[in-house]
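In the text below, chain A, chain B and the rest are named by the order of the sequence lines, each starting its count at 1. For clarity, every value in this text was computed on a predicted model and none was experimentally measured.
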Amino acid sequence: MLIPVGYVVATAVGLGWNELAPLVFRPRVGELLTNTVLLLVIGVPATIALGVGGAWLVERTDLPARRFFSVLLVAPLAIPAFVSSYGWASAIPSINGLWGGVLVSTLAYFPLVYLPALATIRGLDPALEESARSLGLGPWAVFARVILPQLRLAILGGGLIVAMHLLAEYGAFAFIRFDTFTTAIVVAYQSTFAGPSAASLGVVLAALCLVLLVVEAGARGRARYARVGAGSPHPPVLARLGRARPVAVAALVALGIASTVVPLTNVVRWLGAADASALTELPAAITQTVLLASGGALGAILVALPVAWLAARHPGRVSRALEAPYYLASSLPAIIVALALVTVTLQFVPAIYQTVVTVMAAYVVIFLPRALVPLRAGIAQVPESLEEAARSLGSSPLITRLRVTAPLIMPAMAAGAALVALGAANELTATLLLAPTGTRTLATQFWSAASAIDYPGAAPSAVLLVLLSIPAVALMFSHARGGRIR
Amino acid sequence: MRRRRTILSIAPIALAAVVLSGCAAGGAEGAAGEAEVSEDALVVYNAQHEQLTEEWVEAFTEETGIEVVLRHGSDSELANQLVAEGDASQADVFLTENSPAMSLVENAGLFAPVDEATLALVPEQYRPSSGLWTGIAARSTVFVYNPELLDESELPTSLTELADPSWKGRWGAAPGGADFQAIVSAVLELTGTQATQTWLDGMHENAEIYQNNIATMKAVNAGEVPGGVIYHYYWYRDQDGTRENSANTKLHYFGNGDPGAFVSVSGGGVLKAGAHQDEAQQFLAFLAGEQGQTILGEGYSFEYPVSSGIPAKAPLPALDTLNAPLVDPSTLNGPEVIDLMTNAGLL
Amino acid sequence: MILSVSGVSKTFGRTPVLDDISLEVPQGSRTAIVGASGSGKSTLLRLIAGFERPDTGRILLGDRALAAPGSSVPAHRRGIGYVAQDGALFPHLTVADNIAFGLPRGRSRAGRVREVMQLAALDPALADRLPHQLSGGQQQRVALARALAPRPGVILLDEPFSALDTGLREQTRRAVIDALERTGTTAVLVTHDQEEALSFGDAIGVMVDGRLAQAGDPAAVFDAPSSAQIAAFLGPALLLPARAHDGVAECALGAVAVRHDLSDGATSVVAMVRPAQVRVDVEAADPSAIVHAVRSIGAMAEVSLLAGGSDPVVVDLAVPLHGLGALRPGSRVALRIEGGAVLYPAEGLQAGDLAPHAVKAG
């Protein structure tokens, strides 16, 4: 976990201040910093507004077709951000810069806030809202003063994940000519491989991630995990939208069109123009994608389990200190993680250089928080009294974990694994750099065609990536809607 | 109640997912075995266009029965990777689009000398005097422009002109790519460090930045920007195909030995640490030979053949009519170009 | 096998939770530990179960050391059953699977499950239900059945009835006591409910601030609580400043015979009388109290009296409605105390512990 962070630090130290300073304090870094910070400052609140607003509308209001909209809002998760960006770029070729970046990334990532918000709202006791109504609050006031404060953890957690994604995203921004630290690092990498300018940008980016983590920890304060209550003992009374109802419907329809319909119709349009010869390499790419992604998911779950356990059962300074590097490492762009692993494996364990082992290790580093967050919540929700009961019945600690805890955290594990697999299937830079020579995944296939503006050639891989993502997204969705214990 | 049933209904799915991923971990090892270089296969680190190299490889394997696996990347990326890997590298052959990346690997002392017979096929101006690698193809710098936005009379006479304030926001390029970096290396070779830095500063002010040559051409075609600096074959390929990204554009050749008329040499070399020296030399000979060059002259690529007397694909103007500046491919300095471009804020 | 706890102490961080606890639970007996919340009673149970380790002291089951300095048998090897406050049923397992959880695999398993279900008065039709489909009382009986199934040497019950409604609580408690009795299982119950503790079984222990303040036969403990605080904790008590001489205590209720003198020769003493000991005589010739208020509460009436001379104290009694007779606010009555008082030192008692004085009307 510490390898990528250590790599960045070691490179920076190796360069020395005199060489590092001019690389860090130059106008280009200023431009990138401005772009990246603006992206965060605009993009994160936008995803929170869409995610929380959407979850409230589909759960607690008299919106028509709520079930349909609740699915529509999670659908963008099945469309990789770079596919969505490719859809938009081919629909409106002139789309570019900050606003293009904000548009594409907000539309791609708001479900990362929507899902935890949905889960939390569903777990809220409607009695609280009813009490507030009886105290004279209108529906909007109930939302603002009762629901919103209880969503704090979901918002912070989701917002942090979105922010990390924005920091690490490459493909989506490369299509629309929006430069962030990560795109600049990739360009620097293509120009110099593991050169000093990539590493110096990595230092600034790592510092930015650290600031985010500190800000989030500060905002979270003492609160740890969203305590999910006993669930709704009776169905909630739905807030009446009144005249705002058509506006809400129109807004959600527009959001659905922008986030799902535009990318998908463009992908499908190009698919129609695709050359049959583009399909011959797909079966191998599908197999390799599925195997790499599920292997990465398994690895991430295995590594996340003990850490999540510690964080849920023994929250404290030690477990927080242990968690921090995971978040820090995973917020570094995949390219830095990959460069770190290349450097370290070449120098110390050449036997695993350019093997599946290294790719898996990279996936674990990059996607660990995706497994950690649901697992931690899942473990926190298993009452310790159940484990004690099992032990008083003669089960050893290990048997207890297997017979009691494991089945109960299975939904959380599956959701975490799905998230990791989804990320790994869409991963590009680390896969390119670390995979054994000759490896082809759907993402790399897509990328090599799409970056040559061969839109039809990229379409089959894009469609397959979306199709492969659907089961994972469905699993996460049902977990958010109902996967909790007692 | 319903909620709890949902959990239970998820459990088997989840279990299946975990079991599957368990199998996958095993499977991934298997896939690795599959994907991993079979012992006899020739490993080519390929920075050339994937499609072109795949055409070459297919013909080569058919001819010799030697299997080839490709690792794709960009010029500098793979060159630096080879340097980092050193003797641990599995690479046998390195192919690039431009020569600075070849020089980088050559200077690290990683190349084995190319067979004399192969070198003999290639005219001297398209290969370094060291004989440690050889040119296998060439491409010319061009200015692509949109006649609706830029009158013929307004066309720049020299690449250096594009740094003038009058060109602000009126041309595009892809400085992140090895192609443009090779062009800059020619500017550096022809005009010197000081002038190049000044020119790059001007470019930082003036140019619209695109991801690559195709994106630049597409933007010119769409009227987003009046002109752009690219390599010739992107335009000819698109013209030969759908014309989707070039129908509204024309090409302007700088000529006159201008840096903007720079002809870049794509290189091929044999890594001395590679396990398949003979096969690697065979592959290089194949590329420089009649068959390999014919693929350039007749295939989809529209890059210029450089050896064995094979003519360029019609309607390309002949390479020797372009009045390119005289630049020794082995003297182009990649790392200094990167430094200058970093200073200018282009990287 | 005797369960014996000797000299056990436990500290969480810097907070002492248990202080030198010693306790013996004979085989087949039932012991209730009662204490206010935070008194350490649940911690004691968790130490016996093996979920925590004591800092000092030993816990023995028969001659087997479960916990001793430097060694501790893990919970799952102790053979001690445990029923948690909320039952802690495994939500992913049916009733039958929950009960069978601690049983070794084998043919006798299903039979034993049926057996203990019957023992815990559970309808066999519930066997295939999931925990959330059961009522609270049923859940607790399943938890008991599950704990009984492996035939543990001792069973520990941690406030198992506290989450149940009043009616259900009584019914479930009877079913549990019945099942324990029939199996002859040694049991330790912790509770904050005095009545529950006093009615549970053979012995009671009272915990105050991490110490086992008193232990013994429930009737004996209730008859002679070792301190005024324990007396008040175990049930309604009137604590009245008194002067003692010759086996008689002079207090606001007049001269009361002393049943137990636990004042240890203190100069300043209080007399403890249970309201149930007070008889009201309406027609007495020598009235010593005046009825202040009468409030009907169902079958009983709460009668508030002012007793004693110039500085009267308030005495609240529950009188059966039919026995109320002519009691009205303002009635003058005589009070007789049946069974005598227990004397304690007055030292250490706060004004609020004592029976309140009447507020003098202007």
*Asks:* Would A/R403 pass as a cation-pi partner of C/F101, given that its NZ or CZ must be under 6.0 Å from the six-membered ring centre and within 45 degrees of the axis?
*Replies:* yes
*Asks:* Report, by ascending residue number, the residues of residues 114-125 of chain C in heavy-atom contact with chain A at a distance under 4.5 Å; give 'none' if the set is empty.
*Replies:* none
*Asks:* Which heavy atom of C/H92 sits nearest to which heavy atom of A/L408, and what is that distance?
*Replies:* ND1-CD2, 3.5 Å
*Asks:* Please list, in residue-number order, every residue in residues 62-79 of chain C that has a heavy atom less than 4.5 Å from any heavy atom of chain A; write 'none' if there are none.
*Replies:* C/P74, C/A75, C/H76
*Asks:* Need one label for C/R46: side chain, backbone, both or neither, based on atoms under 4.5 Å from any heavy atom in chain A.
*Replies:* side chain
*Asks:* Has C/R105 got more than 12 heavy atoms of other residues, nucleotides or ligands less than 6.0 Å from its CZ?
*Replies:* no
*Asks:* What part of C/F51 lies closer than 4.5 angstrom to a heavy atom of chain A: side chain, backbone, both or neither?
*Replies:* side chain
*Asks:* Report yes if some heavy atom in the side chain of C/P91 is under 4.5 Å from a heavy atom in the side chain of A/L386; otherwise report no.
*Replies:* yes
*Asks:* What is the distance from atom CD1 of C/I48 to atom OG of A/S392, rounded to the nearest 0.5 Å?
*Replies:* 13.5 Å
